[in-house]
Asker: 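Structure below; questions to follow.
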Amino acid sequence: MNKYLKIRNDVRKKIISGYYSSGQLLPGEAEFCAIYKASKMTVKHAMDGLVEEGLIVKRRGSGTFVKELNHSEMENLQSVNQFQGTTDSFPNDEVSSVILTFEVITASEELIEHLKISKFAQVYHVKRLRNVDGHPYVIENTFMPAAIVEDLTLKICQGSIYKYIEEELKLSIGSSHRKMQARKASQAESDILEIPAGDPIIYSSQIGFLTDGRPFEYSETIHRADLFSFETVLMKKK
C-alpha cells in the first residue's frame, strides 16, 4: 500500500476512535510530515482523500479541522469504517455457512496483481454461501495468501474468517478497496441464492488490506438485491 494510504488510514482511525474529536484543529502539514516521516506531497495526498471522505475540512488561513458531525452521522461513519463480514453485520441473527469450495491453489496472474504476491504463491480459495436466519443472503468467493492467513481450515470457514484473522492470528485489518455494480443473476447464481434467473443482484469485488499495508484478501461477492443495503455519509465537494 502506498505511504499516503497508510497515513490516511491512520488519521481516519484516530478520528473514528475519538482521538481527534469533532471540530478539532488537526496538526499542521509540517507536523504530520514529522509524525509519519513523509513528504509534504504525500501528506497532502492523504489529507485530500480524507476531505473527499467527508471526515475533515480545510479552512484557508485557519488550518485543517475534523468535520463537525452529529451523533447519527458519526455512527454511520463508524459503521462504514468497520471492516465487517457477514457475521458482524448481523449480530442479532443466526449466520451460517455452506462451504461450496475449499482448496489451496497456485496464484493466477490476476491474483498476483491483486494480492501483490510472488509467482507460484499458494492461495486459499474459499467459496461460501452465507445464510441469515436460514435464508440465502450472499455468495462469497474469497482468495487469501496462505503465507499471511496461515492454517485456515474448513471449520474456521464455517464461521467468521475475519474473527480468526484478528483474534487468532493477531493481525489487524485496516481497510478495503471495493467496487460494486448491479447486474442480472446467472442461472448458477440464481440456483444458489434461490431467486428467479435474471433477478437483479449486487456484485462487488474487494481487496482487503492489513494495517501494515499488506493485501490479505481478494473477494468477489454476489448479494441478493432484495436483501442488500448500503449506508454512508456524503459531503458536497466545495
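Residue indices begin at 1 and follow the sequence shown. Worth saying up front: this structure is predicted, and the values here are computed from it rather than measured.
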Asker: Locate the shortest heavy-atom distance separating S190 from A185; write the atom from each residue and the value.
Answerer: OG-CB, 3.5 Å

Asker: Taking all heavy atoms of A107 and all of I112, pick out the closest pair and write down the distance.
Answerer: CB-CG1, 3.9 Å

Asker: Would you say that H114 contacts F143 through its side chain, given a criterion of any heavy-atom pair below 4.5 Å between the two side chains?
Answerer: no

Asker: Give, for atom CG of L210 and atom CD of E166, the distance between the pair rounded to the nearest 0.5 Å.
Answerer: 9.0 Å

Asker: Pick one: which of L129, I195, V98 meets side chain to side chain contact (heavy atoms under 4.5 Å, CB included) with P136?
Answerer: L129

Asker: K3 and Y36: which non-hydrogen atoms are nearest, and at how many Å?
Answerer: NZ-O, 2.9 Å

Asker: After noting the C-alpha distance and the side-chain angles of L193 and I201, does the key distance pass the side-chain contact (heavy atoms from CB on, under 4.5 Å) rule?
Answerer: CA-CA 10 Å; L193 292 173; I201 56 90; 4.3 Å; yes

Asker: Whether the R178 and S204 side chains hold a donor-acceptor pair (N or O, under 3.5 Å, no angle test) is what I'd like checked.
Answerer: no

Asker: Looking at K13, K14, K6, which hits salt bridge (Lys or Arg N to Asp or Glu O under 4.0 Å) with D10?
Answerer: K14

Asker: Between K116 (side chain only) and E113 (backbone N and O only), is there a donor and an acceptor less than 3.5 Å apart?
Answerer: yes

Asker: Quick check: do I207 and E217 have side-chain heavy atoms less than 4.5 Å from each other?
Answerer: no

Asker: Any side-chain donor-acceptor pair under 3.5 Å between T106 and Q122?
Answerer: yes

Asker: Does any pair with a residue in residues 179-189 pass salt bridge (Lys or Arg N to Asp or Glu O under 4.0 Å), and if so which ones, sequence neighbours excluded?
Answerer: R183-E189

Asker: With distance as the sole criterion, is a donor-acceptor pair present between the side chains of E220 and Y203 under 3.5 Å?
Answerer: yes

Asker: How long is the gap from CE on M180 to OG on S205, to the nearest 0.5 Å?
Answerer: 10.0 Å

Asker: Can you confirm if the NZ or CZ of R59 lies within 45° of the ring axis of F65 and under 6.0 Å from the centre of its six-membered ring?
Answerer: yes

Asker: Rounded to the nearest 0.5 Å, what separates atom CD1 in I222 from atom OG in S186?
Answerer: 7.5 Å

Asker: Side chains of I117 and V123: does their closest heavy-atom pair fall under 4.5 Å?
Answerer: yes

Asker: For V132 and V138, what are the C-alpha separation, side-chain angles and deciding distance, and is it a side-chain contact (heavy atoms from CB on, under 4.5 Å)?
Answerer: CA-CA 9 Å; V132 177; V138 62; over 6 Å; no

Asker: In Å, rounded to the nearest 0.5 Å, how long is the span from CD1 of I7 to CD1 of I35?
Answerer: 10.0 Å

Asker: L169 versus V149: any side-chain heavy-atom pair under 4.5 Å?
Answerer: yes

Asker: Checking Y218 against M144 for the side-chain contact (heavy atoms from CB on, under 4.5 Å) test, could you report, in this order, the C-alpha distance in whole Å, the side-chain angles of both residues, the deciding distance, and whether it holds?
Answerer: CA-CA 7 Å; Y218 173 71; M144 297 180 169; over 6 Å; no

Asker: Please examine the side chains of K127 and I139, heavy atoms only from C-beta on, and report whether any two atoms are closer than 4.5 Å.
Answerer: yes

Asker: Looking at K58, I want to see if its NZ is surrounded by more than 12 non-hydrogen atoms of other residues, nucleotides or ligands under 6.0 Å.
Answerer: yes

Asker: I want to check something: taking the side chain as every heavy atom from C-beta on, are I56 and I15 in contact at a cut-off of under 4.5 Å?
Answerer: yes

Asker: Check whether V104 and I148 end up in the same hydrophobic cluster, where Ile, Leu, Val, Met, Phe, Trp and Tyr are linked by side-chain heavy atoms less than 4.5 Å apart.
Answerer: yes

Asker: Can you confirm whether the side chains of E103 and Y124 place a donor and an acceptor under 3.5 Å from each other?
Answerer: no

Asker: May I ask you to decide whether R130 forms a salt bridge with E140, counting only side-chain N to carboxylate O separations under 4.0 Å?
Answerer: yes

Asker: I'd like to know if the side chain of R128 reaches the main chain of C157, judged simply by a donor and an acceptor atom lying under 3.5 Å from each other, with no hydrogens or angles considered.
Answerer: yes

Asker: Atom OH in Y20, atom CG in L55: separation rounded to 0.5 Å?
Answerer: 13.0 Å

Asker: Which donor-acceptor pairs under 3.5 Å do side chains of residues 23-33 form with protein atoms, sequence neighbours excluded?
Answerer:
| from | atom 1 | to | atom 2 | distance (Å) |
| --- | --- | --- | --- | --- |
| Q24 | OE1 | S21 | N | 2.9 |
| Q24 | OE1 | S21 | OG | 3.3 |

Asker: Would you name the heavy atoms of V43 and A38 that are closest together and state the gap between them?
Answerer: CG2-CB, 4.3 Å

Asker: If you round to the nearest 0.5 Å, how far is CD1 of I192 from CZ of R224?
Answerer: 13.0 Å

Asker: Are H125 and F102 an aromatic pair by the rule of ring centers under 6.0 Å?
Answerer: no

Asker: What verdict does the side-chain contact (heavy atoms from CB on, under 4.5 Å) test give for I161 and L152, after you've listed the backbone C-alpha separation in whole Å, the side-chain angles of each residue and the deciding distance to 0.1 Å?
Answerer: CA-CA 8 Å; I161 298 177; L152 192 63; 4.2 Å; yes

Asker: Parallel, tilted or perpendicular for Y162 and F216, by the 30°/60° rule?
Answerer: perpendicular

Asker: Return the orientation label for the Y4 and H45 ring planes: parallel under 30°, perpendicular over 60°, tilted otherwise.
Answerer: parallel

Asker: Between F120 and I105, is there shared hydrophobic-cluster membership here, with clusters defined by ILVMFWY side-chain heavy atoms closer than 4.5 Å?
Answerer: no

Asker: With side chains defined as the heavy atoms from C-beta onward, is the minimum distance between E109 and L111 less than 4.5 Å?
Answerer: no

Asker: Considering only heavy atoms from C-beta outward, does the side chain of L50 approach that of V11 to under 4.5 Å?
Answerer: yes

Asker: Can you name the nearest heavy-atom pair linking P215 to F209, along with the distance?
Answerer: CG-CE2, 3.8 Å

Asker: Any ion pair linking K170 and E167 (charged N to carboxylate O, less than 4.0 Å)?
Answerer: no

Asker: Any idea which heavy atoms bring S97 and G159 closest together, and the distance?
Answerer: OG-O, 4.5 Å

